[in-house]
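For reference, the structure is listed below as C-alpha cells.
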There are 2 protein chains.
Amino acid sequence: MSETKKRGRPRAFDEAATIEKAREVFWDRGFEGTSLDALSAATSLNRPSLYGAFGDKEDLYLGTLAGYRDDSLVAMEEALDPSLPLRENIAEIYRRALSTYLSGETSARGCFLIGTATAEAIQHSRVRDMLRQSLEAFDAEIEARLMLAVERGELPKEADPKALSLLASSVMHSLAVRARAGAPRDMLEDLARAGVDMVCGRAPQK
Amino acid sequence: MSETKKRGRPRAFDEAATIEKAREVFWDRGFEGTSLDALSAATSLNRPSLYGAFGDKEDLYLGTLAGYRDDSLVAMEEALDPSLPLRENIAEIYRRALSTYLSGETSARGCFLIGTATAEAIQHSRVRDMLRQSLEAFDAEIEARLMLAVERGELPKEADPKALSLLASSVMHSLAVRARAGAPRDMLEDLARAGVDMVCGRAPQK
DNA sequence: TCATTTTTGTACCGTTCCGCATTAAAATCT
DNA sequence: AGATTTTAATGCGGAACGGTACAAAAATGA
C-alpha cells in the first residue's frame, strides 16, 4: 500500500459515502430512471467530479450494486452464525431482509439488486452478470450452512442442501418483489414464517 | 354494444396487436428504458396515433401489463386443470412459466411484470398497484387449487393452503428473477422440481 | 356534393439527457 | 516561489426525450 501523500488537490468527498448516497437514489428510481443531475444533487458532487471518480453512469451503478452485494453477504454471514440453531439462522435472514425491504421514504423499496438490476439485465450484460453472480453467492452461503446442518444432524441425512438452498433463496426473492409491490407486512411475515418451516421442518423447537 | 359504424376515418391498425407489440419492447427495455420512438417503430404507429389511442406512455405501459396479467391468469387456469393430479398441475405451472421466461432474442427475459414493473413500483403508484394486485391474483388461483387438494385428500388435512400457495408462488417469482439474471436452464429446472416436491411432498407417484 | 368526424403524418416545442471542454482552485515537489 | 499534478466548478453542445399543433387524408351523414 502506498502510504505516500498524493500529489494534486485532495478530494473533498468520501468515496464510499458517495457511493452509498448514489445507491439510495438508484434504489428508488432505478438505473434508467435516475439522472446524473439527481445523482449530482444527492451526492453534492458535480457531474464532472462524479464522472472523474466513478466513470459513466453505468460504472457508478455497478459500483453501487457491488457495494450492496458485499454488504448483504456480510449481513448474511452474521445471520448464519453456526453457533445458533439453523431455524434461528434462517429466521434471522428473513428478518434482516424484511427490515431492509420494508424501509423507504415513500414506499417499501424491496431489494436493491432484484428491484432495480433485474429490469436492466436484458440490455446491460454487465448488470446481468452482476445480478446472476450475486444471487449465486447468496445461494452458496445458505447452501454451506445447510450442508453443515446435515452433518450436525440439524437436518435429516436425506435432506438435499442444494435444492433446499434454492428454495430458501426463493422465499427471499419473493419477499423482495412483494415488498416493493406494496404487500402488507403481515403477509410478508407469514411468508417468512412459512419459509422457515419449509427449510427446518414444521415442528417448533420452542 | 353499438354495432353502428363509426363516423370518421377508420383505424389502420389492430388495437390488441399493437399492445402486444408494445409489450415486447417494454419487456426487453423496461418502462423508463423504452422511448416513444422505439414504440412507434415497433408498432408502426406514429407517436400521435399511439397517444390518441392509448394515452401517454404510462397508460400504454399499464395496458401492456394488464394484458400480460390476463394472459398469465388464463394460462394458470389451464395449468391448474383440476381433473389432473395436483403434482402435474404445479409442474405444469412451472413448465409454462419457464417456457416464457427463457424466451427472448438476446437473453432470457423472465417475467414481464416482475422483470419490469418492480423497478417502477416506487415512483409510479399505479404500476405498484397493478403489480401487487396481479401477484395476489396468482396467489389466489394457486390457493384455490390447494384448498381443493386438501378437500380431496391430495394433500394432508394439516396442510396450510394459504402458506403453501405463497411458497409455490415464491418459486415462480424466483424463476422469473433468475431467468432474467441469466441463470442456466438446468438450475431453473432443478428449482422447479424442488418446488413441486415442496408443495406436493417428495414421494413420486410415478 | 359538401360538411363533419376521426385518424394519419409531418414537423416542432421546450426540456432533459449524458458527457466533456475549459478554467479556477488546492495540494505537493523542486 | 514557481512548476506540476489532481480535483472542483461552470457551462456548453449535440442528441434524445415526451408530448402536441396542425394540416392532409379517409371515412360517414345529409
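We name chains A, B, ... by the order of the sequence lines, and we start the count at 1 in each one. Every value quoted in this text rests on a predicted model; they were computed, and no experiment measured them.
- Using a 4.0 Å cut-off, no side-chain N or O of A/Asn46 falls inside it from OP1 or OP2 of D/dA8.
- Relative ring orientation between A/Phe112 and A/Trp27 is described as tilted, the plane-to-plane angle lying within the 30° to 60° band.
- The interatomic distance linking B/Asp59 (CG) with D/dG18 (C1') rounds to 13 Å, in whole Å.
- Taking every heavy atom of both residues into account, B/Ser170 and A/Arg178 meet most closely at OG-NH1, 4.1 Å.
- Residue contacts for B/Ser44: at a heavy-atom cut-off of 4.0 Å it reaches no nucleic acid atom on any strand shown.
- Residue-level contact check: A/Ala53 touches neither bases nor backbone, having no heavy atom under 4.0 Å from any strand.
- Between B/Arg11 and C/dT7, a side-chain N or O to OP1/OP2 separation shorter than 4.0 Å is present.
- Within 4.0 Å of B/Ser40, counting heavy atoms only, lies no atom of the nucleic acid at all.
- Atom CG in A/Asp37 sits about 12 Å away from atom C1' in C/dG19, given to the nearest Å.
- Shortest non-hydrogen contact noted between B/Phe54 and B/Asp59 is O-CB, 3.1 Å.
- Nearest-nucleotide mapping onto DNA chain D: of B/Pro10 and B/Arg47, the residue sitting toward the 5' end is B/Arg47.
- A/Leu45 places its CG atom 12 Å from the P atom of D/dT7, with the value rounded to the nearest Å.
- A salt bridge between A/Glu78 and A/Arg96 is present, with a side-chain N of the basic residue lying under 4.0 Å from a carboxylate O of the acidic one.
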Please write out the pairs of protein N or O atoms and N or O atoms of nucleotides 2-5 of chain C separated by less than 3.5 Å, giving the distance to one decimal.
unit_1	atom_1	unit_2	atom_2	d
C/dT4	O2	B/Arg7	NH2	3.3

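- Between the P atom of C/dT16 and the CG atom of A/Leu39 lies a distance of 16 Å, rounded to the nearest Å.
- Salt-bridge check for A/Asp129 with A/Arg126: failed, with every basic side-chain N at 4.0 Å or more from each acidic carboxylate O.
- At the phosphate of D/dG18, neither OP1 nor OP2 sits under 4.0 Å from any side-chain N or O atom of B/Tyr51.
- In terms of phosphate contacts, B/Ser49 brings no side-chain nitrogen or oxygen within less than 4.0 Å of OP1 or OP2 of C/dT7.
- Between C/dC17 and A/Ser35, a contact under 4.0 Å exists linking OP1 or OP2 to a side-chain N or O.
- In this structure, B/Ser165 contributes its side chain and B/Lys162 its backbone to a donor-acceptor pair below 3.5 Å.
- Atom P of nucleotide C/dG19 and atom NZ of A/Lys57 are separated by 8 Å, given to the nearest angstrom.
- In this structure, CZ of B/Phe13 is placed 11 Å from C1' of C/dT6, rounded to the nearest angstrom.
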*Starting from the C-alpha separation in whole Å, work towards a yes-or-no answer on side-chain hydrogen bond (donor to acceptor under 3.5 Å, both in side chains) for A/Thr34 and A/Tyr61.*
CA-CA 10 Å; A/Thr34 299; A/Tyr61 179 57; over 6 Å; no
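- To the nearest angstrom, P of D/dA8 lies 10 Å from CZ of A/Phe54.
- Following rounding to the nearest Å, A/Leu36 (CG) and C/dT16 (P) show an atom-to-atom distance of 15 Å.
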